[in-house]
Amino acid sequence: MASKAVAATVDFARIYSSLGLGKETIASLQAFRKRHGDAQRIHAQLAAQPTTVDLSHYRAVLRNKAVVDEAEKILADFKPVTYDVTAHIKAIETFESKAVAKAKETTEKIDAELKDLQATLANIEEARPFEDLTSEEVGKAHPRIVEAVETMLKKGKWTVPGYKEKFGDLSLM
């Protein structure tokens, strides 16, 4: 019963989004949760039903005692059918192995992304403030900027396209 209480308090939507699971994995987990819930409901319904037959009641009510005797004989001779569930177990194990493989794959992706984010954070923390940078340092970091400026100077362009639209014209004339 404690597992039902825990399952009821788990926010699966948040877990799916925070782990970055793939669409297939989420769909498989949701389908499995639905089948599990259905099976639990059916089991609870069947477990609540009585399992014994009161033949003495039928003997008292019915005039034809032979019918009750025949029913009693059939009930006594009844043997439940056993099913071979190995195919179902193999399917469950296959599903489980795929789910574990997807989970490991997702874990690896998350670990790689986390390492990248940590490296980016370390780079941000170690970076100098923008005000302290010189134009030479910016040029070394991004050579395309230097190339673009040199090209503009060769063509005689002294303004940056879109600068006036974005920042306005600061000339006094």
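The basis for the numbers below is simple: all heavy atoms, side chains too, and nothing from hydrogens, waters or symmetry mates.
- For the atom pair NZ (Lys102) and CG (Leu29), the distance works out to 11.0 Å, reported to the nearest 0.5 Å.
- Atom CD of Glu126 and atom CG of Leu121 lie 9.5 Å apart (nearest 0.5 Å).
- Taking every heavy atom of both residues into account, Thr94 and Ser97 meet most closely at O-OG, 2.7 Å.
- For Val61, the side-chain contact (heavy atoms from CB on, under 4.5 Å) test picks out His57, with sequence neighbours left out.
- Note: Ile110 CD1 to Leu21 CG = 7.0 Å, rounded to the nearest 0.5 Å.
- The same ILVMFWY cluster, assembled from side-chain heavy atoms under 4.5 Å apart, contains both Leu75 and Tyr58.
- Legend: residues meeting ring pair (Phe, Tyr, Trp, His ring centres under 6.0 Å) with Tyr163, ordered by chain and number and at least two apart, are Phe167.
- Atom NZ of Lys104 sits about 12.5 Å away from atom OG1 of Thr106, to the nearest 0.5 Å.
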Check the pair Gln30 / Lys34 against side-chain contact (heavy atoms from CB on, under 4.5 Å), numbers first and verdict last. CA-CA 6 Å; Gln30 288 174 340; Lys34 182 183 180 300; over 6 Å; no
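- Under the 4.5 angstrom side-chain criterion for Ile, Leu, Val, Met, Phe, Trp and Tyr, the cluster partners of Phe95 are Phe32.
- Using a 4.0 Å cut-off between a side-chain N of Lys or Arg and a carboxylate O of Asp or Glu, Arg41 and Asp38 qualify as a salt bridge.
- Think of Ile42 as one node in a network of Ile, Leu, Val, Met, Phe, Trp and Tyr side chains linked at under 4.5 Å; its network also takes in Leu46.
- Asn123 CG to Glu125 CD: the interatomic distance, rounded to the nearest 0.5 Å, is 10.0 Å.
- The OG1 atom of Thr120 lies 10.0 Å from the CD atom of Glu113; values are rounded to the nearest 0.5 Å.
- In Glu137, the CD atom is crowded: over 12 heavy atoms of neighbouring residues, nucleotides or ligands sit closer than 6.0 Å.
- The side chain to side chain donor-acceptor pair (under 3.5 Å) check on Lys79 picks up nothing, with sequence neighbours excluded.
- In terms of the side-chain contact (heavy atoms from CB on, under 4.5 Å) criterion, residue partners of Glu72 (sequence neighbours excluded) are, by chain and number, Leu55, Arg59, Asp69.
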